[in-house]
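Residue numbers start at 1 and run along the sequence shown.
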Amino acid sequence: MKRIEPSSAPHSLPDGLVSLADHERHAQGLLSEAVWAYFNGGAAHEITLRANTQAWQDRALRSRVLQPLAGGHTRTTLLGRTLAHPILVAPMAYQCLAHPHGELATALAASALGAGMVLSTQASTPLEDVARLVLGEPERGPLWFQLYLQADRGFTRELVQRAEAAGYEALVLTVDAPVQGVRDRERRHAFKLPAHISAVNLQGLRERTPCPLRPSQSALFDDLLRHAPTWDDVDWLRQQTQLPIVLKGISHPDDARQALTCGAAGVIVSNHGGRTLDTLPATARLLPAISQAVGGAMPLLVDGGLRRGTDVLKAIALGATAVLVGRPVLHGLTNAGAVGVAHVLRLLRDELEMAMALTGCRTLADAPRAIEPLSYGALV
Ligand SMILES: Cc1cc2nc3c(=O)[nH]c(=O)nc-3n(C[C@H](O)[C@H](O)[C@H](O)COP(=O)(O)O)c2cc1C
């Protein structure tokens, strides 16, 4: 393992953390209310936020006994690579809020555990530093860069070129957040970034000068959204890069079909962890129809509310090739830096293996038979 500089923040695992829920409880005790609101909050009433976790829990598994399990494994293939398991770290902004090692610690842990990592455009660490730290790791999973298209397309092109030059292997274009969403919890706690943490990869981006508006005009439609990305920009992006493009934030089967037509290499079924549009359905509910629409023509990933190995197995059973985990990684990072993130990822993978063994699945290809049809499946 490569080294990152020591810090006085926690980097050994507290006793008694045996599940992702334990990590969450412990992390809450370490963070200010404002940072907690930013990390764990969602949009508006937080209905989608809650539904995401609940919906995985509400699906029932079914088990076959006495199956031959020897030689089983969690391997999967994604964009031409074989991965040891189907768990990736979702892109999340400003990870130095959780721990001074921030994205470096997350990337180091992910690479040691063979998990893929998606670095956010709004990372608080230079994208080159993250790539340099992990690209040489033999067991690492894929390293992808998440892109928010900036109004300044020239700047966006340069950012893409930087990611390519640094060795990122795919671009994840986030398409579900042209605006931030109604973040009541964050505003209630007056969350704001401390002076030493910023989106360092966006340095040099010119401050947007707001348009002067008449009182009858809309700050969104007449100003902010004038440069919001459209399907044409997906075409534009394809012309700027050789990297595969994965669209993140797909919640409608028709958009998944259009992504395919547009030459996307994959899609991520996501409602942004319930942080943008409240009352969108939980991703566990969105996944089956999108999987049917895509029909195996490209890899399908999903995120939102996955907190147990059984949730991961259900996601694979419903058509996902792989899953991304968001907040639990921030909790692990808060609790013990790289060690905490590694622990979270290890717990999830161990639980996935256990869930496979107990449902009689030797490989992930067996997963579809491990879930109850919806009509019989509700546990409550
Ligand atoms: C604090 C935080 C910051 C996030 N920042 C980004 C981001 O910069 N880009 C992005 O595409 N998604 C971002 N997301 C959304 C995640 O990538 C992911 O979709 C979501 O967290 C998954 O849900 P989960 O947290 O329930 O696992 C962020 C999520 C959180 C919690």
Side-chain angles (χ1 to χ4, degrees), residues 36-58 90-94 118 120-122 146-151 172-189 191 199 218-234 245-259 262 264 266-291 293-294 300-307 311 315 318-320 323-328 330:
W36 189 249
Y38 174 68
F39 281 174
N40 258 46
H45 288 304
E46 305 187 333
I47 289 166
T48 299
L49 172 70
R50 285 190 294 277
N52 273 348
T53 38
Q54 191 63 48
W56 296 115
Q57 291 168 13
D58 283 349
M92 284 173 294
Y94 309 123
V118 189
S120 166
T121 287
Q122 295 176 329
Q146 178 267 328
L147 186 67
Y148 280 127
L149 282 187
Q150 304 300 315
V172 173
L173 178 66
T174 299
V175 292
D176 62 354
V179 291
Q180 223 202 8
V182 176
R183 300 271 184 85
D184 288 354
R185 210 200 300 194
E186 267 174 43
R187 287 186 297 164
R188 217 171 275 131
H189 292 284
F191 169 74
S218 151
L220 278 191
F221 291 108
D222 297 315
D223 185 13
L224 241 178
L225 291 174
R226 283 182 312 143
H227 303 286
T230 66
W231 287 103
D232 287 343
D233 292 298
V234 180
I245 297 170
V246 176
L247 297 191
K248 174 173 183 279
I250 297 295
S251 60
H252 196 292
D254 288 347
D255 283 343
R257 284 190 200 95
Q258 192 155 355
C262 263
V267 296
I268 303 176
V269 176
S270 175
N271 50 35
H272 218 102
R275 295 167 76 79
T276 51
L277 177 61
D278 198 22
T279 69
L280 269 180
T283 47
R285 286 184 51 195
L286 294 169
L287 183 58
I290 296 179
S291 169
V294 164
L300 200 59
L301 292 90
V302 66
D303 72 17
L306 293 134
R307 302 293 182 262
D311 299 341
L318 295 175
V323 304
L324 298 98
V325 195
R327 295 175 182 87
L330 297 178

Checking T276 side chain against G181 main chain: does a donor-acceptor pair fall under 3.5 Å? no
Evaluate the side-chain proximity of L318 to S291: yes if any heavy-atom separation is below 4.5 Å, no if none is. no
R187 meets the salt bridge (charged side-chain N to carboxylate O under 4.0 Å, His left out) criterion, sequence neighbours left out, with D184
So with a 6.0 Å cut-off around CZ of R285, is the heavy-atom count from everything else above 12? no
Give a yes or no on whether the backbone of R307 and the side-chain of D311 come within a donor-acceptor separation of less than 3.5 Å. yes
Where the side chain of S270 meets the backbone of D303, is there a donor-acceptor pair that is under 3.5 Å apart? no
Side chains of N271 and L277 in contact at under 4.5 Å (non-hydrogen atoms): no
So does T279 get a backbone contact from the side chain of T48, meaning a donor-acceptor N/O pair under 3.5 Å? yes
side-chain hydrogen bond (donor to acceptor under 3.5 Å, both in side chains) with Q150: which residues, sequence neighbours excluded? none
Going by heavy atoms in the side chains, are T53 and R327 under 4.5 Å from each other? no
Is it the case that the side chain of W56 and the backbone of A282 share a donor-acceptor pair, with hydrogens and angles ignored and the cut-off at 3.5 Å? no
Donor-acceptor check, side chain of D233 to backbone of T230, threshold 3.5 angstrom: yes or no? yes
Point-to-point distance, once rounded to the nearest 0.5 Å, from CH2 of W36 to NE2 of H189: 11.5 Å
Would you say that S251 contacts L286 through its side chain, given a criterion of any heavy-atom pair below 4.5 Å between the two side chains? yes
Is there a side-chain contact between L324 and P91 (heavy atoms, below 4.5 Å)? yes
What distance separates D255 CG from I290 CD1, expressed to the nearest 0.5 Å? 8.5 Å
Check: R50 side chain, H45 main-chain N or O, donor-acceptor pair, under 3.5 Å: yes
Should V267 and L300 count as side-chain neighbours, where that means a heavy-atom distance under 4.5 Å? yes
Report yes or no: is the cationic atom of R275 (NZ for Lys, CZ for Arg) under 6.0 Å from the centre of the six-membered ring of Y38, at an angle within 45° of the ring normal? yes
